[in-house]
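The block underneath contains the structure these notes are about, expressed in structure tokens.
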Amino acid sequence: MELRHLRYFVAVADEQSFTRAAERLHVSQPPLSRQIQDLEEELGTPLFERGSRPLKLTEPGRFFYSHATRLLEQAAQATRATRRVARMERRLVIGFVASTMYGALPRLVRLFRAALPQVEIALDEMGTLDQIEALKSGRIDVGFGRIRLDDASIKREVLREERLVAAIPLEHALAIPGKPLLLAALESQDILIYPRKPRPSYADQVLSLFRDQGLQPAAVHEVQEIQTALGLVAAGMGICVVPEGVSRLRPDEVVYRALSDPQAVSPIIMSTRLHDKNEDITTLRVLIDRIYQEQAEARQRAEAARAAAVDKPV
């Protein structure tokens with residue numbers, strides 16, 4: 001049994017006539033009749049009441065018709081989907097940790113889609129450990145994370161060291177906008193860290209930052225999501241150390257103070273498969289340089305404006 005047998009049968013059933021079905025299918029009637037007879041012989045039962053006018057389906061014919069139409073529609077769907085895939089020249093899947101979404105990643109995606117509109121791009125939030133496994137299994141093509149992990153099959157590149165800031169409840173004594181802060185000032189505070197799992201993660205980076213300086217927070221509370229951590233900060237439940245890019249969140253409820261300790265940074269690491277020559281990843285890397293250059297120029301302009309304001313005579 002082939003799809004053409006199903007198409008011929010459905011056409012005859014719809015038209016209730018071999019003659020009209022043959023015209024619809026652009027075939028002559030004798031071959032059409034033979035195809036239906038072959039189908040009936042294979043199924044072992046008549047599908048049409050041959051003496052009826054118009055032509056009617058038998059009880060087995062009606063049962064087979066419902067299945068035949070469903071199979072033909074599934075085949076048509078598969079054909080349409082395959083044609084869509086064929087028209088889609090390329091696909092790039094990016095894995096990312098949540099904090100990078102508050103930095104340059106959204107702009108990077110917009111620039112990439114503008115540069116290569118024919119390439120489908122997909123985003124998948126996952127931890128750095130999961131990104132490594134997803135790269136090796138082919139589920140993603142590039143990952144943006146923060147944990148330094150060694151794997152012989154993965155190429156890692158530190159794009160930048162992002163400064164860390166302390167997210168502090170608005171009513172807290174340390175909530176002094178605009179003034180940098182030493183990490184040591186947080187030693188006696190309740191500290192919120194994320195994510196709870198999988199580990200190692202960004203949470204371990206923050207804990208190591210305290211341990212490396214011999215500092216011991218009053219208490220450490222683990223949560224799973226960055227948004228949850230900031231919600232708890234806003235509620236006065238503790239202080240959270242976050243990447244600078246996150247400071248755009250909850251500006252009316254949380255005060256962000258830069259940490260002046262030189263080691264208070266977190267890397268943004270781009271991971272790809274070793275020896276992957278994907279030209280779309282090359283384009284992505286060029287766009288990253290463009291974004292960082294624009295950011296550097298914007299900082300220079302802002303600094304120049306501040307210096308000019310200071311020098312301006314009263």
Side-chain angles (χ1 to χ4, degrees), residues 94-110 123-128 144-147 159-210 215 217-261 263-269 291-292 294-295 298-299 302 306:
I94 299 175
F96 67 97
V97 295
S99 61
T100 59
M101 186 56 75
Y102 305 111
L105 184 57
R107 175 157 171 74
L108 176 61
V109 172
R110 291 196 301 270
L123 295 171
D124 194 347
E125 182 182 349
M126 60 179 67
T128 306
F144 294 101
R146 293 188 179 274
I147 308 301
L159 299 175
R160 71 186 306 179
E161 297 282 358
E162 186 174 5
R163 297 297 308 175
L164 298 180
V165 299
I168 304 172
L170 192 62
E171 304 298 330
H172 197 281
L174 293 175
I176 306 172
K179 297 192 68 173
L181 183 72
L182 283 169
L183 188 70
L186 306 181
E187 183 175 22
S188 61
Q189 305 296 321
D190 287 1
I191 300 299
L192 295 154
I193 61 171
Y194 67 90
R196 181 182 295 115
K197 58 183 181 179
R199 305 290 277 271
S201 69
Y202 174 75
D204 298 290
Q205 285 187 354
V206 173
L207 293 175
S208 294
L209 189 61
F210 280 93
L215 302 174
V220 174
H221 306 286
E222 298 182 2
V223 298
Q224 189 59 33
E225 305 290 342
I226 185 173
Q227 290 280 10
T228 303
L230 292 176
L232 291 175
V233 170
M237 300 299 292
I239 292 173
C240 187
V241 175
V242 298
E244 186 179 29
V246 177
S247 60
R248 301 181 182 89
L249 299 179
R250 294 184 175 269
D252 298 328
E253 303 169 290
V254 175
V255 171
Y256 295 93
R257 292 186 64 179
L259 293 174
S260 55
D261 308 71
Q263 61 271 52
V265 295
S266 178
I268 299 177
I269 302 171
I291 290 172
Y292 286 160
E294 290 175 352
Q295 291 177 348
R299 283 194 297 271
R306 283 195 296 269

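As a basis for the values below, the full set of heavy atoms in this structure was taken, side chains included, without hydrogen atoms, waters or symmetry mates.
V242 is not listed as a side-chain neighbour of L249, based on a closest heavy-atom distance of 4.5 Å or more. Considering only heavy atoms from C-beta on, L123 stays 4.5 Å or farther from F144 through its side chain. Residues V165 and R257 are not in side-chain contact: their nearest non-hydrogen atoms beyond the backbone lie 4.5 Å or more apart. Annotation: side chain of Q205 is in contact with side chain of I147 (closest heavy-atom distance under 4.5 Å). Side-chain contact check for L230 versus V246: some heavy-atom pair is nearer than 4.5 Å. Using a 4.5 Å heavy-atom threshold, the side chains of L232 and V223 count as touching.
Here OH of Y292 is found 8.5 Å from CG of L108. Values are rounded to the nearest 0.5 Å. Distance check, rounded to the nearest 0.5 Å: CD of E125 to CD1 of I94 gives 13.5 Å. In this structure, the separation between CD1 on I269 and CG on L159 is 8.5 Å, given to the nearest 0.5 Å. Separating the CG atom in L215 from the CG atom in L209 is a distance of 8.0 Å, to the nearest 0.5 Å. Annotation: the span from L182 atom CG to S260 atom OG amounts to 4.0 Å, rounded to 0.5 Å.
When every heavy atom of I168 is checked against every heavy atom of V233, the shortest pair comes out as C-CG1, 3.7 Å. The two atoms that bring P267 and E161 nearest to each other are N-OE1, 3.3 Å, heavy atoms only. Heavy atoms only, all atoms of each residue included: I239 and P169 are closest at CG1-CD, 4.0 Å. In plain terms, the two heavy atoms of V241 and F210 that are nearest each other are CG2-CE1, 4.5 Å. Shown here for A166 and L181, the closest heavy-atom pair between the two residues is CB-CD2, 4.2 Å. Of all the heavy atoms in L259 and A264, the pair that sits closest is CB-CB, 3.8 Å.
Every residue two or more places apart in sequence or in another chain that forms a ring-ring contact (aromatic ring centres under 6.0 Å, His included) with Y202 is listed here: Y194. Evaluation of the side-chain contact (heavy atoms from CB on, under 4.5 Å) rule for A235 yields M237 as partners, not counting sequence neighbours.
For residues 226-245, the set of pairs meeting the ring pair (Phe, Tyr, Trp, His ring centres under 6.0 Å) definition, not counting sequence neighbours, is empty. Listed by first and then second residue, the ring pair (Phe, Tyr, Trp, His ring centres under 6.0 Å) pairs involving residues 224-245 amount to none (not counting sequence neighbours).
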Atom pairs and distances, side-chain donor-acceptor, residues 183-192, under 3.5 Å, sequence neighbours left out:
unit_1, atom_1, unit_2, atom_2, d
E187, OE2, Q216, N, 3.3
Q189, OE1, H172, NE2, 2.8

Please output the side-chain donor-acceptor pairs of residues 98-107 that fall under 3.5 Å, not counting sequence neighbours, one pair per line with the distance.
unit_1, atom_1, unit_2, atom_2, d
S99, OG, R146, NE, 2.6
S99, OG, R146, NH2, 3.3
T100, OG1, V97, O, 2.6
Y102, OH, Q227, NE2, 3.2
R107, NE, E294, OE1, 3.2
R107, NH2, E294, OE1, 2.8
R107, NH2, E294, OE2, 3.3

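In this structure, R163 contributes its side chain and V265 its backbone to no donor-acceptor pair below 3.5 Å. A donor-acceptor pair is defined here as one N or O able to donate and one able to accept, closer than 3.5 Å; no such pair exists between the side chain of E171 and the backbone of G236. Looking only at distances, a side-chain donor or acceptor of Q224 sits under 3.5 Å from a matching main-chain atom of K197.
In this structure, E222 pairs ionically with R199, as a charged nitrogen and a carboxylate oxygen lie closer than 4.0 Å.
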